[in-house]
Undergrad: 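Input: one structure, supplied below.
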Amino acid sequence: MGKVITLFKLLPKLHQMLLCGLFFVTLIIILMPSDNVQASKQTPSANGEYDVNTRYSVPLAFRTPTAPAAELSDTNPEHRKRPAQLAPASSKTTEQDPQQVKPEPSVVAAKKLNEKRFQVKSGDTLAALFERAGLSAKDVYDVTQLPKAKKNLLKIMPGDNLVIAKSEDGKLVQLRYHLDKITTLIVDNGENGYQESIVKKTVEARSKFANATIENNFWNAGVNAGLTPNQIMQLATIFGWDIDFALDLRKGDQFAMIFEEEYADGVFLKNGNILAAEFTNQGDRYTAVRYKDGNYYSEEGRSMRKAFLRSPVDFKYVSSSFNPRRLHPVTGQVKAHRGVDYVAAVGTPIKAAGNGRVIKSSYNQYNGNYVFIKHNDTYTTKYLHLTKRKVKTGQSVKQGQIIGTLGSTGRVTGPHLHYEFIVNGVHRNPRTIKLPKSEPIASKEKAQFAKLSATMMAELEHNKQVQIAAQ
Ligand SMILES: [Zn+2]
């Protein structure tokens, strides 16, 4: 510092002043708040504020105010951020000091001598890692004579960890390698020479409660309730026969659910199934309970599956704000028209609403690419303006099968699916029509299901009351 000041004094006066000025300007820039931070606070996605009845274009986009986009496809629970309100109290236990490895309960019996964790580096082979651990080529040879060790250790990946325990004289005593979150390969070197074993932790299921009131969009409500994208989709799938998630949701709709979380040694592994759920849509209450057959039934024991999906488009692809009064895409006026229009991005997959046979898959100047499906003598559904048709005339289709992709072919002003639901030759509103009642649970299962349903619904109600009391 002294040298800098001496040098500064040697400079001419003008240079000294310029330097001083520069110094203060730099200081001000450093201390000024960043514009980026202020700007991001004002973006609508940060606070999730959207006006009801205003149209926002949401092309294939998910509104995820708290969850990072990468989470959508990330199924590795380790990479997933646990929302604060759902975080297990023991979440700290996932972090471990690289040098001080805590013994796992399953390997308590093993000798704990000189134990160290080694991380596989890029380009590492088992031999290179063993060398770093002070082990010999003979050790590599001996360990890889064991079939499971050979299979798993010869394909170690960067980032993997091996725990190596050595005796005081530097002899390999034990090696542990996590195959996944609950499975560990253990190689022991004892009196009988090398032996290997696979140890699995016991997975414990805990049930968890989540609920929300929808303010402006279902996706946001789910994210705010701490649900993962996968759970939000599961919930929409369970109720997808009763509720059109693309068009029927309104402010004030509510849901509540109990789901499983899997833990091993107090550490969160992954979410399990939704066990029970309730959805109130525009005042109508729907319930679902998962039975041991893996299917969902209403609390009275009626199957959630029905002959028709309420919507042939996933809600996540459709403009997520509420827009009950649709403008006609061509005339620009609100008018009664014989179908339902789903506005979404070109390429959005379109699903068959029910099982049936394709009676027409063709093109004309009005409909563009279109597909008609006859489900039985009573019901026919029609799908217009597709970009691509994925089925041929005469073909059988299953419910939920992709029959084409949304587009803007034919007489349209913008991309949308025009969907028609025809009952005995008459156009009906697919969103409100009463559909045939679905099959109830088998009579021999009835009593058992009724008991389960009563318990789950009581638990759901209890949790809701607790939550209300806490507010
Ligand atoms: Zn239309």
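Read the numbers this way: they start at 1 and go in the same order the structure lists the ligands and their atoms.
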Undergrad: Is the Zn ion (ligand 1) less than 2.8 Å from an N/O/S atom of H416, whether that atom is in the backbone or a side chain?
TA: no

Undergrad: Indicate every side-chain donor-acceptor pair of residues 442-451 with a distance under 3.5 Å to a residue at least two apart or in another chain.
TA:
| residue | atom | partner | partner atom | Å |
| --- | --- | --- | --- | --- |
| E445 | OE1 | Y291 | OH | 2.6 |
| Q448 | OE1 | Y291 | OH | 3.1 |
| Q448 | OE1 | K292 | NZ | 2.9 |

Undergrad: Could you identify the N, O or S atom of D341 positioned closest to the Zn ion (ligand 1)?
TA: OD1

Undergrad: Classify the side-chain pair T287/E278 by whether it contains a donor and acceptor separated by less than 3.5 Å.
TA: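 No, no side-chain donor-acceptor contact under 3.5 Å.
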
Undergrad: I'd like to know whether OH of Y366 has more than 12 heavy-atom contacts from other residues, nucleotides or ligands below 6.0 angstrom.
TA: no

Undergrad: What N/O/S atom of H418 is the closest to the Zn ion (ligand 1)?
TA: ND1

Undergrad: Name every donor-acceptor pair, under 3.5 Å, that has one atom in a side chain of residues 397-410 and the other anywhere in the protein, sequence neighbours excluded.
TA:
| residue | atom | partner | partner atom | Å |
| --- | --- | --- | --- | --- |
| Q399 | OE1 | W241 | NE1 | 3.1 |
| Q399 | NE2 | K306 | O | 3.1 |
| Q399 | NE2 | A307 | O | 3.2 |
| Q399 | NE2 | A353 | O | 2.9 |
| Q401 | OE1 | K398 | N | 2.9 |
| T405 | OG1 | K388 | N | 3.3 |
| T409 | OG1 | N369 | N | 3.0 |
| T409 | OG1 | H385 | O | 3.4 |
| T409 | OG1 | L386 | O | 2.7 |

